[in-house]
Number of protein chains: 4
Amino acid sequence: MKAARLHSYHDALKLDDVDEPKADGPFDVIVRMGAAGLCRTDLHIQEGQWAEKSGVELPYTPGHENAGWVHEVGSGVSNVAVGDTVIVHPFISCGFCIPCRVGDDMHCVNGSFPGINRDGGFADFLKTSARSVIKLDTGLEPKDIAALADAGLTAIHAVKKAIPLLGAGSNAVVIGAGGLGHIGIQCLKAYTPATVIVSDPSEKALELAKQTGADETVQVDGSQVQTVQDMTGGGADVIIDFVGEKGAIQDGIDMVRDGGFYYVIGYGENIDIPTIDVISREISFIGNLVGTYVDLVDLMTLTAQGKVTLHTSTYPLDAINDAMADLDGGRLQGRGILIPAGA
Amino acid sequence: MKAARLHSYHDALKLDDVDEPKADGPFDVIVRMGAAGLCRTDLHIQEGQWAEKSGVELPYTPGHENAGWVHEVGSGVSNVAVGDTVIVHPFISCGFCIPCRVGDDMHCVNGSFPGINRDGGFADFLKTSARSVIKLDTGLEPKDIAALADAGLTAIHAVKKAIPLLGAGSNAVVIGAGGLGHIGIQCLKAYTPATVIVSDPSEKALELAKQTGADETVQVDGSQVQTVQDMTGGGADVIIDFVGEKGAIQDGIDMVRDGGFYYVIGYGENIDIPTIDVISREISFIGNLVGTYVDLVDLMTLTAQGKVTLHTSTYPLDAINDAMADLDGGRLQGRGILIPAGA
Amino acid sequence: MKAARLHSYHDALKLDDVDEPKADGPFDVIVRMGAAGLCRTDLHIQEGQWAEKSGVELPYTPGHENAGWVHEVGSGVSNVAVGDTVIVHPFISCGFCIPCRVGDDMHCVNGSFPGINRDGGFADFLKTSARSVIKLDTGLEPKDIAALADAGLTAIHAVKKAIPLLGAGSNAVVIGAGGLGHIGIQCLKAYTPATVIVSDPSEKALELAKQTGADETVQVDGSQVQTVQDMTGGGADVIIDFVGEKGAIQDGIDMVRDGGFYYVIGYGENIDIPTIDVISREISFIGNLVGTYVDLVDLMTLTAQGKVTLHTSTYPLDAINDAMADLDGGRLQGRGILIPAGA
Amino acid sequence: MKAARLHSYHDALKLDDVDEPKADGPFDVIVRMGAAGLCRTDLHIQEGQWAEKSGVELPYTPGHENAGWVHEVGSGVSNVAVGDTVIVHPFISCGFCIPCRVGDDMHCVNGSFPGINRDGGFADFLKTSARSVIKLDTGLEPKDIAALADAGLTAIHAVKKAIPLLGAGSNAVVIGAGGLGHIGIQCLKAYTPATVIVSDPSEKALELAKQTGADETVQVDGSQVQTVQDMTGGGADVIIDFVGEKGAIQDGIDMVRDGGFYYVIGYGENIDIPTIDVISREISFIGNLVGTYVDLVDLMTLTAQGKVTLHTSTYPLDAINDAMADLDGGRLQGRGILIPAGA
């Protein structure tokens, strides 16, 4: 089969011919890929930022936002059948460790992460596990939902953690209305009565924010902190930061109310804050990884109910390097989606 | 009456003769001081660290850990009577704003803080409010419990926030076994089945930790992170940091497990951490101010039940500058307590 | 002033001339009544059902859903001023006991309940407390929001307790789409992504349910349990029962899924269930009283944001016995509202 | 192998020779039985109370509190190995449905319950699943911990649900200090600072309560409600009822404070309460089934830490009918444990 593989850091991916994966273990599932989302993390992987953390050996195939159809299943698989349309949770968890037994899949002590530390979905087929696949209605097309498997999943995970803080009259500031942010906005509107305020430097992004339900938009032009302070009467209850660099962190710290919570999702720069401010203002910073299997089930439900919709641009898989260049150059509208030749 | 007042930053306090406060408003309460705890924050006030934040005008009387006997009450006061022994919650909250109505006293929008931004308890009498006093059993001596009004209150507040994370088999690392830490240890043991691990550079402090219930102690000698990692099988569920400087923050970050929570209480240096670590490890930092009125009621209950006891050293009020020098010089065992001449 | 008073159980109210109340205490507030909602509990009071529980002495003035304008304030009142439009929380809490200090107003150990155990709002003026009034925008008319002070407040209180159970894909069954139910439906839609299913025997009520946001309606005609079981794939996560009699309780027990929660709001008959069913199905029953002060603030916010609107029918105060007869006879659409002559 | 089987309702069990079970599926685990706890539910099964609910076909082998050593494993099992000492969670859950994915094992939609609806542990060997076994330290003897698999597990499950209600100064009433109750007391003391009050008619049971940590004991002699009301100043925050019959339910309702919670665990009679009391007192009833896998892991941790110990009486498996007669006749001290001949 074809697979877009990284052979050395900083170089373009190459479209290689490789062996198809097989369902050797009792809970293996082979997915014929229908679509794979392209993530800023794929650029960071190419740049080598994850080399040490993942420990992956090159060459390998990135791609961690995957959807398609079940092609082959192991002997113990009963929750999906060959031919089912599935979205793929990005992580493979063991199901037996304590984090798995309480539903905290991402902290599985025996897990692996296709596209990060083993072969992922920029290919014709993907090997995953029965614990990672969610069967979808046949009407759903992989290309329309693949990017929910990571971008959307991270957004809903952070929003679900913030629900208890977002009652009537509360304010949530979303920093960054891009691939994750526009899903985050829709999740906030679906789950809470909070007023959703979105800040972004791009007018186009703020338009997308309005379309997807933002109550207020604030352009990042130097006055954004004061504007949010005025709108909220002294700071927002919750900041959901999908950017994590280029001034977003200081903005978030200055926009959150005393006693408020700052959800960290985007990454790039440091949180650097005097502890006297943390304690005298009693503010908290919450780290957020990609969501759990059930978070993804929930996101599929909201999508099926029309409460969340994804904005995408598609590319054939063999144009992956063009897609990555477009993402890096800020020319990609919504989430980029790669489609294998046979899908 | 006598009051130990700060006339200029960096100078010693002076024992002045000043007017006694009066219960002018319907909910005013005048407390005849029995004992006032001495806090590291009093040193920071003297050094001017709080000058801008508090906006207090000099001269004024510090002292925010107060206990004594009710001396006079306003016309609307019914929850205490003249002669009652009381501990004084350090904050005066309004009772009508939304934070007050949900019990989140410290974020009252109309509050004031005796000892920080108005006259406090290093004096013969203290003016406070009906909302700030808790009646105690007559058997309790102000000098034995005064320091619970801030040091203890901050410790119990953080511990109560951490309870949902501290089930059977969990681990909590307490950084710093001083005035706050030794109360924190006792609260952790009272509220949770967690294994309590205490780190401190001082052997004497670690002895106090053992006496007050620590399951394990770890001397800060360069190997402390590895020791905690080994004890906990990969990191503690919760860090409760009563130090916030001198390497404690990096220790805490390195000792917390992925998915764990770091409670910030001590202050001095910065939290400075790459967001990629915050998200890939999904760790969170929780700011902690002094506790609520009900937290202080709870702490009094635990004290009355013998589950929490305070270790102190007493000084007469007119020896306050000696006490402050001892605190600054690390010569003070347990919490320092100042006793007015008439008490 | 005029007051509609109950002189003996089972008799009609009489419109009496009585003395105006005075703001004697420091936190007293006298409200010039603009509108008072009529509640099924007023019928139960007339019938004597509350005689023993309330211990009230006759004659007295019912009316516990009140709104109007501040007429006089005690010396210590600062949160409202004469002339302010206010809605009145039905309970007078002390502000000093532990339940009050954590925001659980309704379990105040020193409280009183105008309209239940002392004079209420079926009159020209009402005596209440600074802790019970919420200032409204001048644009809001008392007659449009008075019924939120109890009917709406009870509904939002129960819904807020159920939020953690009502995630994506969850189902909530509302039993009864009357005065409380139609607010409950709107609160469920504002706070959660749950599918809201409403059951009621009346087609007119089900129409109101649809207008106020119900996703599904189910007529009570003998097949309602099976219909809900089919819609929900085995039972709803949450039942919110605004009826509590006439078969509603058994319906609710049969409609809730194993592991689900049944919120009791309406009253009349008994819950009578074998404990073997409670434990083998692990179902829970949650009692619900009227909400807290902050619940009422939240409801005012949702109303101001257009997320909740009230359906009412108005009567002059001197037609109160007609209004009560209409309510008893099922001829009252939405909530009945009584307007004093001078309002 | 030998198995004690029920051939017809109301008759004694018979010790039959039957085939040994085999690990046919990839996640099957065969346990060589070391000990099986005897539960009041086994009497109810014999009496036919569960016949309809379980739908089991006779003859079959009861026994749902099991511990022993791993004898054989399926091809996909990696969490235990042959020879490991294990305690067996009583339920076999699928691991793939939504309840399983969030850790709510007992509401698995594909589960089965050895000893209830298929062959259980009153035998030489038991067939269970990799998801149901917890590996123990080799020092632990099956006979010392088997009864924790159901009796203890139910107790800890209810206690863990009640933790948020049981802060400093709170009161928990445990009704019934028998096989479950004495574990519940120890769990309450391990997890919370609540004052634990135990009521039981038997002096011997109250002695056991004291030994296992009860702060107060109250004999059921007609004055128990008043005694608890006096001790708690108006009612307990939490009732944990391990009896569910013989007056326990009315006692519990009368002992719980307004706003309090009643945990139903024991069964036999009905909860029968007017809804007007449920709402005017705002009391709640929480159903409790046996706990989750992680609850059992937690209980094993508390046992290993010495915070929970079990009181038992042992019988050889072939004396099972004697043991059942002793249990029925109230002659069994602590939990009855059956030991197969070869163990």
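Every chain is numbered from 1, with letters handed out A, B, ... down the list of sequences.
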Contact origin within D/I283 toward chain C - heavy atom pairs under 4.5 Å: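 The backbone, not the side chain.
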Part of residues 228-254 of chain D lying next to chain C, heavy-atom separation under 4.5 Å: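 Contacts with chain C: D/G244, D/I249.
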Interface moiety of C/I286 toward chain D, non-hydrogen atoms closer than 4.5 Å: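 Its backbone and side chain both get close to chain D.
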Beyond-backbone contact of [X] with [Y], side-chain heavy atoms, under 4.5 angstrom:
X      : Y      : value
C/S280 : D/W50  : yes
D/N270 : C/I273 : no
C/H157 : D/E282 : yes

All salt bridge (Lys or Arg N to Asp or Glu O under 4.0 Å) counterparts of D/D277, not counting sequence neighbours: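 So D/D277 forms a salt bridge (Lys or Arg N to Asp or Glu O under 4.0 Å) with C/K53.
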Atom CZ of D/R118 with >12 non-hydrogen neighbours under 6.0 angstrom: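 It does: D/R118 CZ has more than 12 such atoms within range.
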Nearest atoms (heavy-atom pairs only) where C/I265 meets D/I279: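 Minimum heavy-atom separation between C/I265 and D/I279: O-CG2, 3.6 Å.
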Where D/S284 and C/G287 come nearest, the two heavy atoms and their spacing: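 In terms of heavy atoms, the two residues are closest at OG-N, 3.2 Å.
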Short side-chain to backbone donor-acceptor contact, C/T275 and D/G268, under 3.5 Å: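 The answer is yes, because a donor-acceptor pair under 3.5 Å joins these two groups.
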